[in-house]
Amino acid sequence: MRKGTSLVARTAVAAGLGSLAYPLFFRRRCLTWGARPDEVSRKLPGDELLAEPGIVSTRAVWVNAPASSIWPWLVQMGPGRGGAYTYDWIENLFGLGMHSADEILPQYQDLQVGDTQRLGKRGPLLRVVVLEAERSLVLQSDDGNWVWAFSLVPEHGWTRLISRNRIATPGAPLPVRLLNLLVMEPGSLIMERKMLLGIKQRAEDLAPQAETQPL
């Protein structure tokens with residue numbers, strides 16, 4: 001067997017093993033990064049909007065700040081607003097126009113149920129469907145197949161910031177389902193982890209902090 005052919009064969013085997021390892025050993029950790037079992041199973045505002053999703057992720061971080069210090073960063077999120085506090089350069093490869101703010105922007109604090117924002121020129125239109133100040137913010141795509149919910153849960157002087165995505169892909173062909181499983185899901189962890197930690201840092205920088213993290 002030629003060297004080039006052998007390399008291709010080894011690469012194909014490695015890719016095949018990787019595609020098997022992810023759903024068997026890593027997928028749950030990817031979809032539940034930072035979240036406790038009780039948070040993963042907990043019913044959150046917005047769950048009822050998409051009863052049978054194909055993909056559910058629940059990710060969370062401890063924030064050493066009250067909900068009142070986190071909420072302004074959530075309500076100003078979005079393209080042309082406060083950004084997404086993640087890797088702007090990656091977001092903007094897809095034409096999303098994200099520029100993450102490092103300050104609270106008063107002009108974007110008056111968010112209302114029914115307000116919309118579009119992710120890029122051809123991306124989904126997200127509409128605010130639940131807005132409970134300092135508690136819950138839920139967005140839903142115009143086709144109804146994506147619900148993105150944020151919940152703030154105070155605990156022992158800290159706050160749990162929980163992000164849940166419920167996504168349906170009705171009638172998606174096998175290649176699309178594999179792309180979602182093997183590329184989009186791990187990619188979403190990279191982006192959302194950065195986003196949650198970005199919100200955490202921004203909120204903590206502007207808030208008095210408790211001395212120790214709850215167990």
Side-chain angles (χ1 to χ4, degrees), residues 12 14-37 39-61 74 77-79 83-98 113-131 136-151 161-196 199:
L17 292 175
S19 65
L20 290 174
Y22 171 70
L24 290 175
F25 302 110
F26 303 112
R27 188 179 189 224
R28 179 172 176 79
R29 293 174 63 184
C30 173
L31 295 178
T32 61
W33 177 84
R36 303 186 308 238
E39 293 169 332
V40 173
S41 61
R42 179 184 304 171
K43 182 176 176 59
L44 296 178
D47 285 357
E48 71 284 355
L49 298 172
L50 186 54
E52 297 183 1
I55 302 170
V56 178
S57 69
T58 304
R59 296 166 178 143
V61 290
L74 290 179
M77 286 178 65
Y85 318 119
T86 183
Y87 300 101
D88 288 354
W89 69 271
I90 296 179
E91 299 274 10
N92 294 331
L93 286 176
F94 298 94
L96 298 185
M98 292 290 190
V113 171
D115 287 354
T116 61
Q117 53 184 271
R118 186 172 294 279
L119 299 182
K121 294 181 179 179
R122 299 182 180 180
L125 185 72
L126 294 179
R127 187 180 305 276
V128 178
V129 291
V130 177
L131 187 70
S136 298
L137 170 61
V138 182
L139 306 165
Q140 185 173 29
S141 63
D142 52 350
D143 62 7
N145 290 328
W146 177 22
V147 176
W148 192 8
F150 294 93
S151 290
L161 168 58
I162 305 171
S163 171
R164 175 170 292 169
N165 284 273
R166 299 171 69 84
I167 301 170
T169 55
L174 179 60
V176 173
R177 295 202 301 271
L178 289 175
L179 177 68
N180 288 339
L181 176 67
L182 301 177
V183 178
M184 301 305 290
E185 286 184 10
S188 74
L189 171 60
I190 293 171
M191 300 300 287
E192 190 162 35
R193 178 182 181 276
K194 175 68 170 177
M195 178 198 71
L196 291 173
I199 296 172

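All heavy atoms count here, side chains included; hydrogens, waters and symmetry mates do not.
Checked by atom type and distance alone, the side chain of T116 never pairs as donor or acceptor with a backbone atom of L125 at under 3.5 Å. Without hydrogens or angle criteria, S151 side chain to I162 main chain gives no donor-acceptor distance under 3.5 Å. Judged by distance alone, the side chain of E48 and the main-chain N or O of G46 form a donor-acceptor pair under 3.5 Å. In terms of modelled atom types and a separation under 3.5 Å, the side chain of N92 and the main chain of M98 share a donor-acceptor contact.
In this structure, D47 pairs ionically with R166, as a charged nitrogen and a carboxylate oxygen lie closer than 4.0 Å.
In this structure, the side chains of R118 and P79 stay at 4.5 Å or more apart for every pair of heavy atoms. Here the side chains of M77 and F150 are in contact, with some heavy-atom distance below 4.5 Å.
For A168 against E52, the heavy-atom pair with the smallest separation is CB-O, 4.5 Å. Closest approach of V130 to P45, counting heavy atoms only: CG1-CB, 4.4 Å. Nearest approach of W146 to L50, heavy atoms of both residues: N-CD2, 4.4 Å.
Using modelled atom types and a 3.5 Å distance limit, the side chains of R164 and T58 yield a donor-acceptor pair. Side chain to side chain, S188 and R59 meet the donor-acceptor criterion of an N or O pair below 3.5 Å.
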Query - V147/V138 under side chain to side chain contact (heavy atoms under 4.5 Å, CB included): CA gap, chis, key distance, verdict - result: CA-CA 7 Å; V147 176; V138 182; 3.7 Å; yes
